[in-house]
Amino acid sequence: MNINVITLFPEIFDSLNYGLLGKALDREDIKINIFNLRDHQLNKHGQIDDKPYGGGEGMVLMAEPLENAIKNIPSDNLGIVINLSPQGRIFSQKKAKELSTLKNITIICGRYEGIDERLISQYVDDEISIGDYVLSGGEFAALTIIDSLSRFIPGVIGNQKSVEQDSFSHGLLKGPVYTRPETFNSDDIPEVLISGDHNKIKEWRDNQSLIRTFERRPDLLKNAKLTKKQKKLLEELSSKAIL
Ligand code: ADE
């Protein structure tokens, strides 16, 4: 996969060179090309933004430098163009998986009060927000999106099964996990995990996943696929919650 990023702060993307993603970049399972918007500034004053028409706070990124940055990317490598902004559609695990299947994508990292709407209507295929809060720019959103989509690219995570068990993959949050020692500050791990009974362990994990989702993210339950046992547990949890 080939990911192009247009940004005013290329150095922020150095942080991609770590961990499993860093290794995937070394192997070229994924290629990330960073394009500095400053290379396309309009004049010798380095202009890339201007005051909003109609007045108001802050500055707006101008369409022309962004257009030049997009045109500078070989058209075969451009793929879909994504603008990151708080006005976008909310990012999700489903969206990460969808993006991971594409050969090429180009991500624009906005800054300031946003980018000229005409650039969006003429060049942008999708606008994405990573959540209902405002960042100083799209860079950290881009890092988030690149990291999460890369987990779906074959070879990036050594064990693809672990991606299947991630939170959201089955519509629920993942339950708690434990490792050695068996007792930590007088706190024992749940017995079932050392029972050797794989069916019981699976059932326990399914239940924990449901309980956690019920407590923290009940909104996810609407679309979750539940086993018979989980449905029964949900009824119990719901009736307790009413009492
Ligand atoms: N830029 C600023 N805030 C953002 C957000 N929440 N998601 C994506 N890009 C952003």
Side-chain angles (χ1 to χ4, degrees), residues 1-19 21 30 32-41 46-70 73 78-102 104-153 166-168 173 216-217 219-220:
M1 182 180 195
N2 183 52
I3 304 175
N4 308 302
V5 180
I6 300 173
T7 172
L8 282 167
F9 297 98
E11 294 79 8
I12 291 178
F13 292 88
D14 291 348
S15 62
L16 290 170
N17 292 320
Y18 297 92
L21 182 51
I30 308 178
I32 299 178
N33 313 302
I34 308 294
F35 297 93
N36 191 345
L37 188 57
R38 287 262 167 231
D39 294 341
H40 302 282
Q41 56 200 25
Q47 193 175 13
I48 38 107
D49 59 356
D50 211 333
K51 292 195 277 272
Y53 276 120
E57 297 307 312
M59 301 290 270
V60 177
L61 277 180
M62 301 169 92
E64 285 157 281
L66 282 163
E67 176 179 62
N68 290 334
I70 292 170
I73 298 172
L78 191 64
I80 67 159
V81 178
I82 295 168
N83 183 43
L84 300 179
S85 91
Q87 289 77 249
R89 293 185 187 85
I90 291 283
F91 189 60
S92 63
Q93 186 78 339
K94 184 164 167 258
K95 187 76 187 175
K97 193 171 184 180
E98 211 177 287
L99 292 177
S100 75
T101 63
L102 302 176
N104 297 290
I105 63 173
T106 295
I107 299 176
I108 301 174
C109 301
R111 282 258 146 190
Y112 316 121
E113 289 305 308
I115 72 183
D116 190 305
E117 190 64 26
R118 292 164 297 180
L119 188 283
I120 297 175
S121 57
Q122 292 176 36
Y123 287 95
V124 170
D125 300 299
D126 201 359
E127 273 199 272
I128 297 179
S129 163
I130 60 159
D132 290 341
Y133 40 81
V134 178
L135 303 166
S136 336
E139 283 75 12
F140 292 101
L143 290 175
T144 302
I145 290 171
I146 292 169
D147 187 287
S148 63
L149 74 80
S150 72
R151 296 174 58 78
F152 288 103
I153 294 178
D166 277 344
S167 282
F168 312 113
L173 301 182
R216 302 180 184 179
R217 293 291 307 278
D219 56 300
L220 295 176

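As the structure lists them, so they are numbered: ligands from 1, and atoms in each ligand from 1.
- Shown here is Phe140, whose CZ atom has no more than 12 heavy atoms of other residues, nucleotides or ligands within 6.0 Å.
- At least one N or O atom of Ser85, backbone or side chain, sits closer than 3.5 Å to an N or O atom of ligand 1.
- Residue Val134 places no N or O, backbone or side chain, under 3.5 Å from any N or O of ligand 1.
- Of the protein's heavy atoms, Leu135 N, 3.0 Å lies nearest to atom 3 (N) of ligand 1.
- Atom CG of Asn83 is separated from atom CD1 of Ile6 by 10.0 Å, given to the nearest 0.5 angstrom.
- Heavy-atom proximity to Gly137, at under 4.0 Å, picks out these atoms of ligand 1: 1 (N).
- Residue-to-ligand polar distances keep Ala141 apart from ligand 1: every N/O pair is separated by 3.5 Å or more.
- Residues Leu149 and Leu102 are not in side-chain contact: their nearest non-hydrogen atoms beyond the backbone lie 4.5 Å or more apart.
- Here the protein heavy atom with the shortest distance to atom 6 (N) of ligand 1 is Tyr133 O, 2.8 Å.
- Heavy atoms of Gly131 come nearer than 4.0 angstrom to ligand 1 in at least one pair.
- For ligand 1, the atoms sitting less than 4.0 Å from at least one non-hydrogen atom of Ser129 are 5 (C), 6 (N), 7 (N), 8 (C), numbered in the order shown with element in parentheses.
- For atom 7 (N) of ligand 1, the closest heavy atom belonging to the protein is Ile130 N, 3.0 Å.
- Taking 4.0 Å as the cut-off between side-chain N and carboxylate O, Arg151 and Asp166 count as a salt-bridged pair.
- For Glu64, the CD atom counts as loosely surrounded, since its 6.0 Å shell holds 12 or fewer non-hydrogen atoms of other residues, nucleotides or ligands.
- Every N/O-N/O distance between Ile128 and ligand 1 stays at or above 3.5 Å.
- If you check the side chains of Asn2 and Asn33, you find a donor sitting under 3.5 Å from an acceptor.
- Residue-environment remark: CG (Asp14) exceeds the threshold of 12 foreign heavy atoms within 6.0 Å.
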